Amino acid sequence: MAESSMKDISLRIKSIKSTKQITKAMELVATSKLAKSKELIKKSRIFHEEINAAMNDIISKHIETSSPYLIPREVKKTCYVVIAGDRGLAGGYNSNIFKLVEKNILDKNTIILPIGRRIVEYCKRREMKVFSDDFSIIEKINVGNCHEIADLLTNAYLKNEFDEVYIIYTNYITALNQEAKITKLLPLDKKYQENGIKKEYILFEPNSNAVLNEMIPSYIAGMVWGSVNESLTSELAARRVAMESATK
């Protein structure tokens, strides 16, 4: 009886040691990827800030523009771009996104553009309407894909397939702190910050509407690209912390 008990204990010890090796390896992989992902965040944040400044500049100087991207509509249907992870074992990373989805989307007339395997699976379980599942692996998303997404969204918006667009993602703050967020993409808000700068007239060719309408897809692409990088970095940070805790 004692020999059987000791054998069980020995097998249990070996099993735990084996699991520890796996969690430690996953922690190291996440740490390595996190360093590279944080560099991408720096670049995407710079782009995001610059294109935001450009958009605000145009809107502030041509506030009467008749661009359809600036005109609010009666909201009958809403499109949500939702970004989650490709895998689990990342603490509460994916569940925090799901909670925000449940808080803002359920019981509304919505359509989802999911980015990441976990949110694709979530939409299937919930039988939610999916706009496109061509971007289901977040680690494979690049700038070109974000421009494809932006073109899909803006073309559908102009065709009145939905009346507003939001993006749900995870904002990276620190390695220990990430926040699930929701941001409105369309229609654009006409409000802007003048910051005491005198408004000046600028001549746009052929006109301000044409320039603004050409810029919007790039603006949306920049927002999506930034959100993808923020989310991916947040996922890696959450996984590193979770695997570190599991190893301990």
Side-chain angles (χ1 to χ4, degrees), residues 44-45 47-84 97 100-101 103-116 119 123 128-135 138 141-171 179-193 204 207-231:
S44 63
R45 282 178 176 174
F47 176 80
H48 178 257
E49 289 170 3
E50 289 296 326
I51 198 166
N52 255 319
M55 292 299 302
N56 281 334
D57 190 50
I58 292 177
I59 294 171
S60 66
K61 291 175 174 59
H62 296 271
I63 202 70
E64 298 303 326
T65 179
S66 59
S67 169
Y69 294 117
L70 288 170
I71 301 173
R73 310 172 185 164
E74 179 186 356
V75 179
K76 298 177 181 177
K77 191 173 187 177
T78 303
C79 178
Y80 288 87
V81 180
V82 185
I83 305 173
I97 286 293
L100 198 56
V101 166
K103 180 180 178 181
N104 290 276
I105 295 181
L106 298 185
D107 301 324
K108 294 181 182 179
N109 187 13
T110 60
I111 189 166
I112 314 297
L113 197 160
I115 300 177
I119 189 62
C123 290
M128 303 173 79
K129 294 179 182 178
V130 174
F131 185 52
S132 171
D133 59 1
D134 293 338
F135 311 97
I138 187 172
I141 299 294
N142 55 37
V143 175
N145 296 136
C146 292
H147 279 281
E148 289 180 44
I149 292 170
D151 289 340
L152 284 173
L153 293 173
T154 51
N155 289 335
Y157 182 81
L158 293 176
K159 292 176 182 176
N160 296 318
E161 292 182 21
F162 38 76
D163 305 297
E164 56 182 3
V165 182
Y166 287 85
I167 187 165
I168 295 178
Y169 68 103
T170 305
N171 186 49
E179 179 186 11
K181 293 185 67 175
I182 179 169
T183 301
K184 190 174 184 178
L185 296 181
L186 292 174
L188 273 69
D189 193 344
K190 284 189 178 182
K191 295 180 182 179
Y192 61 92
Q193 298 294 326
F204 291 95
N207 55 63
S208 58
N209 279 339
V211 173
L212 186 64
N213 292 341
E214 284 295 319
M215 284 187 66
I216 294 298
S218 293
Y219 167 76
I220 300 296
M223 291 288 289
V224 174
W225 177 236
S227 300
V228 164
N229 287 326
E230 295 282 345
S231 296

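As the structure is a prediction and not an experimental result, all values here were calculated from the model.
- Other residues, nucleotides and ligands place more than 12 heavy atoms under 6.0 Å from the NZ atom of K184.
- A distance-only check finds a donor-acceptor pair linking the side chain of S231 to the backbone of T170 [under 3.5 Å].
- Scored by the side-chain contact (heavy atoms from CB on, under 4.5 Å) test, S227 finds I83, I167, Y169 as partners (sequence neighbours excluded).
- The closest side-chain heavy-atom distance from I141 to V224 is not below 4.5 Å.
- Sorted by first and then second residue, the salt bridge (Lys or Arg N to Asp or Glu O under 4.0 Å) pairs involving residues 149-161 (not counting sequence neighbours) form an empty list.
- For the pair P114/V82, no side-chain contact is recorded, criterion being any heavy-atom separation below 4.5 Å from C-beta on.
- Scanning all heavy atoms of the two residues, the minimum distance from I97 to A84 falls at CG2-CB, 4.3 Å.
- Atom CD1 of residue I149 and atom CE of residue M223 lie 13.0 Å apart, to the nearest 0.5 angstrom.
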Problem - Candidate pair I105 and I168, rule side-chain contact (heavy atoms from CB on, under 4.5 Å), full reasoning - result: CA-CA 10 Å; I105 295 181; I168 295 178; 4.1 Å; yes
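- Scored by the side-chain hydrogen bond (donor to acceptor under 3.5 Å, both in side chains) test, S218 finds no partners at all (sequence neighbours excluded).
- Not counting sequence neighbours, the partners of Y166 by the ring pair (Phe, Tyr, Trp, His ring centres under 6.0 Å) test are Y80.
- Between I111 atom CD1 and K129 atom NZ the span is 7.5 Å, to the nearest 0.5 Å.
- In this structure the side chain of P187 reaches within 4.5 angstrom of the side chain of Y157, judged on heavy atoms.
- L186 is listed as a side-chain neighbour of I216, based on a closest heavy-atom distance under 4.5 Å.
- In this structure, the ring pair (Phe, Tyr, Trp, His ring centres under 6.0 Å) partners of F131, at least two apart in sequence or on a different chain, are F162.
- The stretch residues 70-82 participates, sequence neighbours left out, in these salt bridge (Lys or Arg N to Asp or Glu O under 4.0 Å) pairs: R73-D163.
- Side-chain atoms of T78 and K108, non-hydrogen and from C-beta on, never get closer than 4.5 Å to each other.
- Within the 4.5 Å cutoff, side-chain heavy atoms of Y69 are placed close to those of L158.
- Looking at T110 and N104, their side chains never come closer than 4.5 Å, going by heavy atoms from C-beta outward.
- I220 has its side chain out of reach of V165: every pair of non-hydrogen atoms, C-beta onward, lies at least 4.5 Å apart.
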